[in-house]
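Values reported hereafter were calculated over all heavy atoms of this structure, with side chains retained and with hydrogens, waters and symmetry mates removed. In this text the structure is predicted, and so the values were computed from the model without any measurement.
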Amino acid sequence: MSKLKGDTVPGVVSVVLGAAVAGMTLANPEKMAIGETAKKGFIPGPGFFPLLCAGLLLVFGICLTVRGLLENGKVDFFKMTPEIRENLKTLLKVFGGLVGFLLLWKFFSKLFILWVAIYAAYLCIVFKRSVLFTIIFTIVMTALIYFMFMVGFSVTFRVY
């Protein structure tokens, strides 16, 4: 049982997840085209990025698993320390804020840019940033998302 401590468990989970994504990508060639040949060479299709991520997840998962097995249980993965407890609280706050953002976006989509700004400011508060940093980060992130999606990609979010 000591072999299941340390990096063994997250390594195995990463390997399983990477293998599942790679399997789904390769099993559906008509939906998840890996790419096609064109006159100018290889053009990656929509299945290229998931397969690339799955491959990286597999490689790093194998490395984590091997490292965990070589440590022979020296690190207790499931031990709850005050640092881990604080990190979990922060993670839950970020995730809760994301759920709130998505719900606000779903039900009040006309105010999308406002929800982006509020969520950006909320993240700064969760991570205990200064007021100046929070203001600058909120403005920059909101502008970046607006210009990237609405202007660059022509994705229309109702903002009236």
Side-chain angles (χ1 to χ4, degrees), residues 4-25 28 31-34 44-68 71 74-160:
L4 292 180
K5 294 182 178 180
D7 292 329
T8 309
V9 174
V12 170
V13 170
S14 298
V15 168
V16 169
L17 184 62
V21 170
M24 288 188 307
T25 303
N28 297 311
K31 293 180 182 174
M32 301 291 282
I34 301 302
F48 178 74
F49 186 70
L51 190 61
L52 178 70
C53 290
L56 290 173
L57 200 55
L58 276 166
V59 168
F60 290 123
I62 290 168
C63 291
L64 275 175
T65 304
V66 169
R67 187 169 99 177
E71 287 176 347
K74 293 178 186 172
V75 178
D76 192 357
F77 180 72
F78 297 103
K79 184 178 181 183
M80 184 64 72
T81 63
E83 181 183 13
I84 291 174
R85 187 174 287 115
E86 190 63 34
N87 288 342
L88 286 174
K89 286 179 186 177
T90 303
L91 179 67
L92 288 174
K93 289 176 186 177
V94 169
F95 183 71
L98 179 61
V99 169
F101 166 74
L102 293 174
L103 287 172
L104 288 169
W105 180 15
K106 169 87 173 147
F107 294 111
F108 305 101
S109 60
K110 292 180 182 181
L111 301 172
F112 172 75
I113 294 299
L114 176 64
W115 305 140
V116 168
I118 290 172
Y119 185 60
Y122 173 76
L123 288 177
C124 288
I125 292 168
V126 167
F127 289 111
K128 300 176 180 142
R129 303 295 184 202
S130 69
V131 173
L132 180 62
F133 181 91
T134 300
I135 292 168
I136 293 171
F137 179 80
T138 301
I139 291 169
V140 169
M141 282 304 295
T142 304
L144 179 71
I145 288 173
Y146 175 80
F147 286 111
M148 184 174 20
F149 287 102
M150 299 180 107
V151 176
F153 297 138
S154 299
V155 175
T156 305
F157 299 111
R158 292 180 284 177
V159 292
Y160 48 88

Sub-3.5 Å donor-acceptor pair from the side chain of Tyr122 to the main-chain atoms of Lys93, do we have one? yes
4.5 Å side-chain heavy-atom contact, Val116 and Phe112: yes
I'd like to know whether CZ of Phe133 has more than 12 heavy-atom contacts from other residues, nucleotides or ligands below 6.0 angstrom. yes
Interatomic distance, CD1@Ile139 vs CD1@Ile135, rounded to 0.5 Å, equals 7.0 Å
Quick check for you: to the nearest 0.5 Å, what is the distance between Leu88 atom CG and Phe95 atom CZ? 13.5 Å
Leu51 CG to Leu56 CG distance, which is reported to the nearest 0.5 Å: 10.0 Å
Gap between atom CG of Leu103 and atom NZ of Lys106 - 0.5 Å precision: 9.5 Å
Distance from Thr90 atom OG1 to Arg85 atom CZ, nearest 0.5 Å? 13.0 Å
What I'd like to find out is whether the side chain of Leu123 reaches to under 4.5 Å of the side chain of Met141, using heavy atoms alone. no
Determine, step by step, whether Leu57 and Val21 satisfy the side-chain contact (heavy atoms from CB on, under 4.5 Å) criterion, reporting the C-alpha distance in whole Å, the side-chain angles of both residues, the deciding distance to 0.1 Å, and the verdict. CA-CA 10 Å; Leu57 200 55; Val21 170; 5.8 Å; no
Closest contact, heavy atoms only, Gly18 versus Ala54: O-CB, 3.4 Å
Can any side-chain N or O of Thr134 pair as donor or acceptor with the backbone N or O of Ala121 at less than 3.5 Å? no
Rounded distance (nearest 0.5 Å) linking atom CZ of Phe137 with atom OG1 of Thr142: 8.5 Å
In terms of heavy-atom contacts, Thr65 and Val12 come closest through OG1-N, 3.2 Å
Flag yes if more than 12 heavy atoms outside Phe101 fall under 6.0 Å of its CZ atom; otherwise flag no. yes
Where do Leu104 and Trp115 come nearest, in terms of heavy atoms and distance? O-NE1, 3.3 Å
So Leu98 and Val94, side-chain contact (heavy atoms from CB on, under 4.5 Å) or not? Walk me through it. CA-CA 6 Å; Leu98 179 61; Val94 169; 5.6 Å; no
